[in-house]
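Structure first, commentary second.
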Amino acid sequence: MTATEQQAEGRARKPEPFAAPKGIPEYLPPESAGFSHVRDTLAGAAARAGYGHIELPVFEDTGLFARGVGESTDVVSKEMYTFADRGGRSVTLRPEGTAGVVRSVIEHNLDKQGLPVKLRYAGPFFRYERPQAGRYRQLQQVGVEAIGIDDPALDAEVIAIADEGFRALGLTGYRLELTSLGDAACRPRYRELLQEYLAGLDLDEPTRERAAINPLRVLDDKRPEVRAAMADAPLLMDHLSAEAAEHHAAVLTHLDDLGVAYTPNPRMVRGLDYYTKTTFEFVHDGLGAQSGIGGGGRYDGLMGTLGGPDLSGVGFGIGVDRTLLACGVEGVQPWSVARAEVFGVPLGEDARRRLVVIAARLRAQGVRVDLSYGNRGLKGAMKSADRSGARFALVLGARDLESGTIGLKDLVSGDQQDVPLDGVIDAVVTAVAAEVG
Ligand code: HAM
């Protein structure tokens, strides 16, 4: 076929529509109202504790994640979206936020401006995982990082912020699992102990290989035969250094003071290598296999590993997608899906000109207003009003214009009153405020 023939055929045939990449949830109205509410509520809890907003690059030097998150982790070895840019540099779509925050703190010397450096972030992260319910290739997190002070009260603060965020959404069906992964003083010795224990087991080859890279990973192997074999494995919690044990006890005391309940999980293993001391996960049992709605912990070596000063850090990342799913499972919906509070229905051109202005004035007063466009007729326009979720409709026709009034209809009760056109802004603002109040 010649190029001209191909073009002609292309014109005749409608092109196939595109689909979004696999494993990426899209949030469309009206459900997207829930997504933004969850994200903003979680970020709000962090803002109230003095965490400043940081907007990070969506992609970074690949080496940052390889070194920061750990080459042996699944996240780095199997799940990264890595590509060469047009200048031949290897870059990676961020799989998580901590490495980027630490890089930024070092690069901009934020630690010289008073400690701790407290930052919060929200946005998409990318992991090439096998998509399933609650596990996506583009996932959304709200995260915080507090860098530069090794104070157990800060660990407790970070945990309490996440807990407060979940509570503010009305969630109750989650629990906080907590452990300590020790420090540089006790981890190497414990690793040896665990390796000795593992050497005495009859493990299959892949598990043996995993154990050689990171023996801790075998602790959370879900297979019953491995679980049984690991029942008597030594646990790091029983081999903590005096300092790590003291730190952990202090974190627990603060959580008790705060009334934040926790479940010790000495077998917790996180998918990222930088954790030390306090390590935690928020788990929601209503979500099936992907039950982790948030996780985090302390990472006392990361600043140093990434070439910065030897400063400690602690933080969390909460999965916005999964938290939204948890709201669905618990049937909590503390947000409104209404796009507008007031919907304008003009009947005729003169009425439209007038309503366009009324809508603009109301919006300037903070009222959410939408209008019917095109010549829809009263019935079609009222249908749009209902669909918008608005509580009130403003109906304006030629006869109203003559009498200097406008119809204000309560779409829930069906009551309609005529209000003077020159007092419509006040009347609507009052009606909407009464509704909200
Ligand atoms: P993470 O546990 O890898 O930690 O991820 C945090 C949360 O992101 C998870 O608990 C989960 O809710 C959500 N998440 C992770 N992967 C997916 C996915 N494929 N689909 C949907 N949701 C997902 C971190 O990323 C650390 N940077 C957290 C942190 C901050 N630690 C210290 N500071």
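When a ligand or atom number is given, it counts from 1 through the structure's own listing order.
Of all protein heavy atoms, the one closest to atom 16 (N) of ligand 1 is R127 NH1, 3.4 Å. Of all protein heavy atoms, the one closest to atom 13 (C) of ligand 1 is G319 CA, 3.7 Å. Of the protein's non-hydrogen atoms, E129 OE2, 2.6 Å is the one closest to atom 19 (N) of ligand 1. Shortest contact from atom 27 (N) of ligand 1 to any protein heavy atom: E96 OE1, 2.7 Å. Of all protein heavy atoms, the one lying nearest to atom 32 (C) of ligand 1 is G315 O, 3.3 Å. When hydrogens are left out, the protein atom nearest atom 22 (N) of ligand 1 is R322 NE, 3.4 Å; that is the closest non-hydrogen contact.
Contacts with ligand 1 closer than 4.0 Å are made by side-chain heavy atoms of Q141 only, the backbone lying farther away. Proximity of L139 to ligand 1, defined as any heavy-atom pair under 4.0 Å, is confined to the side chain (atoms from C-beta onward).
Near G296, the atoms of ligand 1 lying under 4.0 angstrom from a non-hydrogen atom of the residue are 31 (N). Interface atoms of ligand 1 facing I293, defined by a heavy-atom separation under 4.0 Å, are 10 (O), 12 (O). Near G317, the atoms of ligand 1 lying under 4.0 angstrom from a non-hydrogen atom of the residue are 6 (C), 7 (C), 28 (C), 29 (C), 30 (C). Close contacts between ligand 1 and Y275 involve ligand atoms 26 (C), 28 (C), 29 (C), 31 (N), 32 (C) [criterion: under 4.0 Å to a heavy atom]. The E145 neighbourhood of ligand 1 comprises atoms 30 (C), 32 (C), 33 (N), with distances under 4.0 Å to a heavy atom of that residue. Close approach to Y136 involves these atoms of ligand 1, each under 4.0 Å from a residue heavy atom: 18 (C), 19 (N), 20 (N), 21 (C). Each of the following atoms of ligand 1 lies closer than 4.0 Å to a heavy atom of G292: 9 (C), 10 (O), 11 (C), 12 (O). For ligand 1, the atoms sitting less than 4.0 Å from at least one non-hydrogen atom of R270 are 1 (P), 2 (O), 4 (O), numbered in the order shown with element in parentheses.
The two residues L115 and I147 come nearest to each other via the heavy atoms CD2-O, 3.8 Å. Scanning all heavy atoms of the two residues, the minimum distance from Y136 to G134 falls at OH-N, 3.5 Å. Of all heavy-atom pairs spanning D155 and T278, the tightest one is OD2-OG1, 2.6 Å. The minimum heavy-atom distance linking E243 with K277 is given by the pair OE2-NZ, 3.3 Å.
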Which is it for V283 and T263 under the side-chain contact (heavy atoms from CB on, under 4.5 Å) test, yes or no, and what are the steps along the way? CA-CA 10 Å; V283 180; T263 312; over 6 Å; no
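An N or O contact shorter than 3.5 Å is missing between R135 and ligand 1 by distance. Considering backbone and side-chain N/O atoms, G294 comes within less than 3.5 Å of an N/O atom of ligand 1. Checking only distances, T98 does come within under 3.5 Å of ligand 1, N or O to N or O. Between Y121 and ligand 1, not a single N/O pair is under 3.5 Å apart.
The aromatic rings of H239 and Y190 are tilted relative to each other, their planes meeting at an angle between 30° and 60°. Ring pair H37/W335 is tilted by interplanar angle, where 30° to 60° counts as tilted.
Under a 4.0 Å heavy-atom criterion, G134 is in contact with ligand 1. Residue contacts with ligand 1 leave out G271, since none of its heavy atoms falls under 4.0 Å from the ligand.
With hydrogens and angles left out, the side-chain atoms of R223 and T207 include a donor and acceptor closer than 3.5 Å.
Contact annotation: the side chain of I318 never approaches that of V144 to less than 4.5 Å [non-hydrogen atoms, C-beta and beyond]. Residues F126 and P95 have side chains not in contact (no heavy-atom distance under 4.5 Å, counting atoms from C-beta outward). Contact of the D111 side chain with the P309 side chain is registered, since non-hydrogen atoms from C-beta on lie closer than 4.5 Å.
The closest non-hydrogen atom to atom 26 (C) of ligand 1, taken over Y299, F282, Y274, comes from Y274. Closest to atom 24 (C) of ligand 1 by heavy atom, among T278, V144, L272, is L272.
Counting only distance, with no hydrogens or angles, the side chain of E330 and the backbone of V332 share no donor-acceptor pair below 3.5 Å.
Taking the six-membered ring wherever Trp is involved, the centroid distance between the rings of Y174 and F166 falls below 6.0 Å.
R175 has a carboxylate O that lies under 4.0 Å from a charged side-chain N of E177, or vice versa, which qualifies the two as a salt bridge.
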